[in-house]
Visitor: 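Structure incoming, see below.
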Amino acid sequence: MEFNVADMIEWFNKANEKIQENKAYLTSLDQPIGDGDHGINMARGFQEVAGKLSENDYTDISAILKEVAMTLLAKVGGASGPLYGTVFLKMSMTLKGRDVVDGTAFTKGLEDALAGVKQRGKAETGEKTLVDVWQAVVEYFQAGNITADGLVEVAARAKERTKDMVATKGRAAYFKEKSKGHIDPGSASSYLVFEALADVMKEKH
Amino acid sequence: MEFNVADMIEWFNKANEKIQENKAYLTSLDQPIGDGDHGINMARGFQEVAGKLSENDYTDISAILKEVAMTLLAKVGGASGPLYGTVFLKMSMTLKGRDVVDGTAFTKGLEDALAGVKQRGKAETGEKTLVDVWQAVVEYFQAGNITADGLVEVAARAKERTKDMVATKGRAAYFKEKSKGHIDPGSASSYLVFEALADVMKEKH
Amino acid sequence: MKKIINDPNQVVQDMVDGLVAAFPKTMKKVEGTLVIARSDAPVSNKVGLVSGGGSGHEPAHAGYVGKGMLDAAVCGEVFTSPTPDQVFEAIKAVDGGAGVFLVIKNYTGDVLNFEMAAELAEAEGIQVEKVVVNDDVAVEDSSFTTGRRGIAGTVFVHKIAGAKAESGASLEEVKAVAEKVVGNVRSMGMALTPCIVPAAGEPSFKLDNDEMEIGIGIHGEPGINRTQIDSADAIATALTEKVLEDHDFSGEVAVMINGLGATPEMELFIVNKKVQEILADKGISVYKTFVGEYMTSLEMAGCSVSLLKLDDELKELLDAESGAPAFRM
Amino acid sequence: MKKIINDPNQVVQDMVDGLVAAFPKTMKKVEGTLVIARSDAPVSNKVGLVSGGGSGHEPAHAGYVGKGMLDAAVCGEVFTSPTPDQVFEAIKAVDGGAGVFLVIKNYTGDVLNFEMAAELAEAEGIQVEKVVVNDDVAVEDSSFTTGRRGIAGTVFVHKIAGAKAESGASLEEVKAVAEKVVGNVRSMGMALTPCIVPAAGEPSFKLDNDEMEIGIGIHGEPGINRTQIDSADAIATALTEKVLEDHDFSGEVAVMINGLGATPEMELFIVNKKVQEILADKGISVYKTFVGEYMTSLEMAGCSVSLLKLDDELKELLDAESGAPAFRM
Ligand SMILES: Nc1ncnc2c1ncn2[C@@H]1O[C@H](COP(=O)(O)OP(=O)(O)O)[C@@H](O)[C@H]1O
Ligand SMILES: Nc1ncnc2c1ncn2[C@@H]1O[C@H](COP(=O)(O)OP(=O)(O)O)[C@@H](O)[C@H]1O
Ligand SMILES: [Mg+2]
Ligand SMILES: [Mg+2]
Ligand SMILES: [Mg+2]
Ligand SMILES: [Mg+2]
């Protein structure tokens, strides 16, 4: 795989579309075990991201990622704002100065993003957060042999697995055992982000 | 007609029964054009009246009426408390020292009661208040030839007539034209008081 | 009916006990009554200020008992004016020899019961004066009918007459300033939902999901006009325009944006934004603004807007210290 | 959804404007932000106190801005913690050279956003310290999880740390007293009805007519336990017992009976009656009681009970003057 500046922009445009389409769904996931704003938060943030990316010219992947990160940080709020902000800020730092990235570089970017969000959220896998989806995706990239369908499958499975977990981080943790049986909203939005990435990969063929 | 102490007590016991039975009905009349408490107010007051009358011995009609008046004054509240209080206080004053009353004396008592309540409420007939029922009943007594059925009929008709009136006194006055089409709650409770009186008259036969 | 209560018929008793327990240094219950008085009542040689009415308007009226405001509040049953004996107890409890002043909201029940109490007090040699507050412009003003209702503007009367009495003014002077406030205060309210009297258990009227009532009172009664729900700006404009039409407010005013019980404070501030814009447009300058729940109607959702035209005397009295828990300056 | 608003996506902006318009002498908006600061901020050589969080908790937090309490409040979207750039603006606006102290309610979002803002501020040479309030005993305390939520007890932190900062204390001293409050305050809440976030338009959970939720938070989230509605006495007992179990409150306490938004004040006083009885039974003496809406959840019906164990320092600071419109002493 190989991504250029246009691909990266396409990634976030597609992510935005998917998040807008799933705004109500993400919010509904956040109602039984949270405060019912995850879709609203993410939609507000990604809307702004798409706007920002369309306004400016970019020659550098890292600059795009930084724009995404700062926009999410300033617009999403809640827990997901700083977490998604951290994710893309870390990727931006790792991919500094590049106008094109290959699989290896992208994998390194994802690894650093995961490490960053774990540190920021003081979360590990199995705590029923978006970390679960990012961890699965990082491991998939690390294994090599990356396909669009494979990526979607891995992300979807990771998202579904959060359903049976007991939350120990974020608002859902207040519900302890009762948090079981509900998909984690942040995992669902992260799934959409990777589904968007897979769409871009597919289009490149 | 002729009433003794036992008849008077019977009057208020029956009035209490009817008011308790019609508590929800009186309140429902007070909802569209008032504040929905008339049944609650009257039931609280008459309950206490019945209790008071059963606790003490009376040899004097005026003492009974005064007990009723003071109890209603202290327990009903709202507009109807002072109005019903005034009615029975005035009757008590007119019938002072009597252990039995005939039609003439009772008519005088009703007249003074009506005058008192008009003065207290600054109300005339036609203003859609309990004055309308009391006025009709006083006129019926003044005409002589008093029967239980006649009394009920007169009071019922007067109550019904308030339905088409536009209120100019009490809370219903805030609704102006819109107060039309609803029976006045105070007229409905006064009707019950006279229905109770008619029941006592009937039993004496 | 969803309420945090024990017995629907005991709510006023329980509330009075809970209120006095909350502010034992400020207020006390007059034993055997539902009257709440200043803890140091009667204050000798001070005019005693008494108000009250049905309960369900909290913090009115008992929350306004305290130094510089009310000397006593009489708590009737929910939305039912208190009885003359109770009002009489309040008068006796606060009579410090300089007379007692009654602040009555204009409802037939309140007027009748307070008047009878005044007669009882005068018969015992206590000097009593009164003012009847009728600030609600939703209701037509007419001397042939019951006249206008007293609503949230009443709180300004409590505050200003209370400060006047605290300053050592005579009964006549307290009456004069109270009448000045009544002459210069106007209010209008609206509601999105009805409320439920505990003893009734049912709302007194129904509103569809897209309806609101304009010109609402504070006793759960229906309003004067039922319309489609409109924006906060439109609501604020409707209420404020009606208030402004009714009186000359040029100069300086105090503003009260009052919540009826269930309206989030956020919404009251949104209303306030527009009210202030309207006043600024008209060149009316705002001396002080009050936003919050001052005169409620149980858990009714809605609000009222009150304006009080000020002069130097009223400003000074409005600013004076108050020890009432629900009205600190 | 019945609300007095203009645009569901503009409620916070409108509210902030309406709030500043209500209290122009006390507070100002930091231009281009949703930060409300004391009108005289930054106060030189005074520790600046910043709090905030999602909106919808009014009067928290902006109503507590004023002399002797908060220097700034950051208003996030409804129930959504504000972003780091906004918090950073608040920090800059109140930095008078003696450092800035952050009062954060323990929610992942609030903690993360405030922490990132603190990092930004420190990078610019502003000294920042913080306390995380976690008074809600409904949630199990565990260092392996998110831990306990911050709810109404936070207002005591604002008041006491605010008074300490106003007295000229250092950043370390403010932090020490704030931590003392956090260590000694516990709360628990319950709700009869959910609430509706304007942008969502739907309640976040449903309750049957005979159900209530015990252990509710302040973000419209479901509670910890769903049960049949019980009497006010039973509710007061359940909340108070849970609070008392969690900490040694022997000695003197401050009590806060907080309404969540739609609960009539009458009901809060009914709850207070029982709470005071329970405390008296246990020999705990009450120094001061607060009854009203201090930390709400939009139009949720329900209440919370908070206890704060006091010592001489805390009493003095609790009693200190406050210029914040929503917390006058
Ligand atoms: N400590 C944490 N570490 C990683 N992810 C977290 C953490 N806390 C929460 N999250 C993620 O954030 C999501 C919630 O986001 P959102 O609803 O927007 O914020 P909030 O919880 O503040 O309302 C959760 O579903 C979870 O995936
Ligand atoms: N000024 C008045 N004169 C005579 N009767 C009146 C007057 N005002 C009200 N009423 C009567 O009182 C009744 C209402 O009583 P109630 O509901 O108990 O008191 P409130 O109006 O204070 O809630 C009305 O239906 C009417 O008959
Ligand atoms: Mg959420
Ligand atoms: Mg009535
Ligand atoms: Mg009434
Ligand atoms: Mg949130």
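We name chains A, B, ... by the order of the sequence lines, and we start the count at 1 in each one.
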Visitor: Tell me every residue that passes ring-ring contact (aromatic ring centres under 6.0 Å, His included) with B:Tyr191, counting only those two or more places apart in sequence or in another chain.
Guide: none

Visitor: Which one wins on heavy-atom pair count under 4.5 Å against chain B: C:Gly217, C:Gly220, C:Pro84?
Guide: C:Pro84

Visitor: Checking C:Asn113 against chain B: side chain, backbone, both or neither under 4.5 Å from a heavy atom?
Guide: both

Visitor: Heavy-atom count around B:Lys90 NZ within 6.0 Å, excluding the residue itself: above 12?
Guide: no

Visitor: Which donor-acceptor pairs under 3.5 Å do side chains of residues 63-75 of chain B form with protein atoms, sequence neighbours excluded?
Guide:
residue : atom : partner : partner atom : Å
B:Glu67 : OE2  : B:Asn56 : ND2          : 3.4
B:Glu67 : OE2  : B:Tyr58 : OH           : 2.5
B:Thr71 : OG1  : B:Glu67 : O            : 2.6

Visitor: Could you pull out the closest heavy-atom pair between C:Ser81 and B:Ala79, with the gap in Å?
Guide: OG-N, 4.4 Å

Visitor: Taking all atoms of both residues into account, what is the closest heavy-atom pair of C:Met116 and B:Pro82, and its distance?
Guide: SD-CB, 3.5 Å

Visitor: Answer yes or no: is there a side-chain heavy-atom contact under 4.5 Å between B:Arg120 and C:Leu112?
Guide: yes

Visitor: I'd like to verify something: which residue of B:Thr27, B:Asp37, B:Val76 has the highest number of heavy-atom pairs under 4.5 Å with chain C?
Guide: B:Asp37

Visitor: Enter the distance from B:His38:NE2 to C:Thr80:OG1 here, rounded to the nearest 0.5 Å.
Guide: 11.0 Å

Visitor: Check whether C:Thr83 reaches the backbone of B:Gly77 with its side chain - one donor and one acceptor, N or O, closer than 3.5 Å.
Guide: no

Visitor: Tell me if the CD atom of C:Glu119 is crowded by more than 12 foreign heavy atoms within 6.0 Å.
Guide: yes

Visitor: Using non-hydrogen atoms and a 4.5 Å limit, figure out which bit of B:Ser80 sits close to chain C: side chain, backbone, both or neither.
Guide: neither

Visitor: Inspect the surroundings of NZ in B:Lys202 and state if more than 12 heavy atoms from other residues, nucleotides or ligands are less than 6.0 Å away.
Guide: yes

Visitor: What part of C:Phe79 is in contact with chain B, defined as an atom under 4.5 angstrom from a non-hydrogen atom: side chain, backbone, both or neither?
Guide: both

Visitor: List the atom of C:Glu202, the atom of B:Gln31, and the distance in Å for their closest heavy-atom pair.
Guide: O-NE2, 4.3 Å

Visitor: Could you measure the distance from the CD1 atom of C:Ile224 to the OH atom of B:Tyr174? Nearest 0.5 Å is fine.
Guide: 9.5 Å

Visitor: Could you tell me whether B:Lys178 atom NZ has more than 12 heavy atoms of other residues or ligands within 6.0 Å of it?
Guide: yes

